[in-house]
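Take a look at the structure below.
In this text, all values refer to a predicted model and were calculated from it rather than measured experimentally. All values below come from the heavy atoms of this structure, side chains included, with hydrogens, waters and symmetry mates left out.
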Amino acid sequence: MNFILQCGVLFTFLALGELIVWLTGIAVPSSILGMLLLTLSLKLRIVRLRHVDRIADFLTHNLGFFFVPAGVGLIGCLDLIAREWIPIAGAMVVSTAVILIVTGHTHQFVRKRMRKNHPHESGILEKQTEIID
């Protein structure tokens, strides 16, 4: 599928997310809603992977470029960061710890659940986990 058409597919889902936020007033970014709708459409095979694969590869390979505006914004706030570095560092440490704990517990929950529901595949799961660990 043409690169321009693939951009159109992504922008359609972004617009749908924007429409949902505008109609409902929910406090979720429209881009997140658009991504969720696109994911659901891909899972339900309403949209085929070939309809978005080239643009997705392009965006993924150039992901670092999208962090430039955030970096420039941080440079503009250096005085604030210098004044409030202790709460900022504390929030970073606490949020990182929470993410690690939640991720670890979620992983353990999923492993136990898979062993329970698919005992014949538990050997495969163990080998995959050993490779990761």
Side-chain angles (χ1 to χ4, degrees):
M1 186 180 229
N2 184 326
F3 193 77
I4 301 293
L5 293 175
Q6 289 192 10
C7 283
V9 171
L10 289 184
F11 280 116
T12 298
F13 282 96
L14 178 62
L16 285 171
E18 193 71 43
L19 180 66
I20 291 170
V21 168
W22 182 72
L23 289 174
T24 63
I26 60 174
V28 176
S30 59
S31 57
I32 300 297
L33 284 176
M35 264 195 300
L36 290 172
L37 290 171
L38 177 60
T39 302
L40 182 65
S41 297
L42 285 165
K43 283 296 230 182
L44 296 175
R45 298 182 189 261
I46 296 168
V47 174
R48 300 284 184 195
L49 186 57
R50 70 175 188 271
H51 296 149
V52 292
D53 61 349
R54 287 183 57 209
I55 187 71
D57 285 342
F58 171 78
L59 292 172
T60 304
H61 286 110
N62 295 294
L63 191 60
F65 177 73
F66 298 109
F67 289 97
V68 171
V72 171
L74 279 175
I75 290 172
C77 298
L78 286 179
D79 59 331
L80 174 65
I81 294 170
R83 281 194 319 265
E84 302 292 334
W85 73 270
I86 292 175
I88 293 169
M92 288 170 41
V93 168
V94 170
S95 64
T96 300
V98 169
I99 289 169
L100 288 171
I101 291 167
V102 169
T103 302
H105 283 291
T106 302
H107 177 72
Q108 289 177 351
F109 172 78
V110 170
R111 280 182 60 190
K112 288 177 186 174
R113 186 97 178 197
M114 285 190 67
R115 268 195 219 117
K116 181 180 170 186
N117 292 340
H118 304 285
H120 60 284
E121 295 177 7
S122 63
I124 296 170
L125 181 63
E126 291 301 323
K127 288 178 185 175
Q128 289 173 346
T129 305
E130 287 173 12
I131 292 170
I132 293 170
D133 294 337

Kindly give the heavy-atom pair with the smallest separation between [X] and [Y], and that separation in Å.
X	Y	value
I4	N2	N-OD1, 2.8 Å
L33	I26	CD1-CD1, 3.7 Å
D53	Q6	OD1-NE2, 3.2 Å
L16	L37	CB-CD1, 3.9 Å

Considering only heavy atoms from C-beta outward, does the side chain of [X] approach that of [Y] to under 4.5 Å?
X	Y	answer
L36	F13	no
H105	Q108	yes
I81	L74	yes

So, taking the atom named [atom1] in [X] and the one named [atom2] in [Y], what distance separates them when rounded to the nearest 0.5 Å?
X	Y	atom1	atom2	value
I88	R83	CD1	CZ	9.5 Å
L5	L10	CG	CG	11.5 Å
S41	H51	OG	NE2	11.5 Å
R54	C7	CZ	SG	9.5 Å

Say whether [X] and [Y] are linked into one hydrophobic cluster, either directly or through other cluster members, by side-chain heavy-atom distances under 4.5 angstrom.
X	Y	answer
W22	F11	no
V52	I32	yes
V94	V102	yes
F65	I55	yes
L38	L14	no

TODO: Could you give me the CA-CA distance, side-chain angles and deciding distance for L63 and L59, then say whether side chain to side chain contact (heavy atoms under 4.5 Å, CB included) is met?
DONE: CA-CA 6 Å; L63 191 60; L59 292 172; over 6 Å; no
- [ ] Keeping the roles fixed (side chain from S95, backbone from M92), state whether a donor-acceptor pair exists under 3.5 Å.
- [x] yes
TODO: May I ask you to decide if T103's main-chain N or O and H107's side chain share a donor-acceptor pair within less than 3.5 Å?
DONE: no
- [ ] Verify the neighbour count for atom CZ of F109: are there more than 12 heavy atoms of other residues, nucleotides or ligands below 6.0 Å?
- [x] no
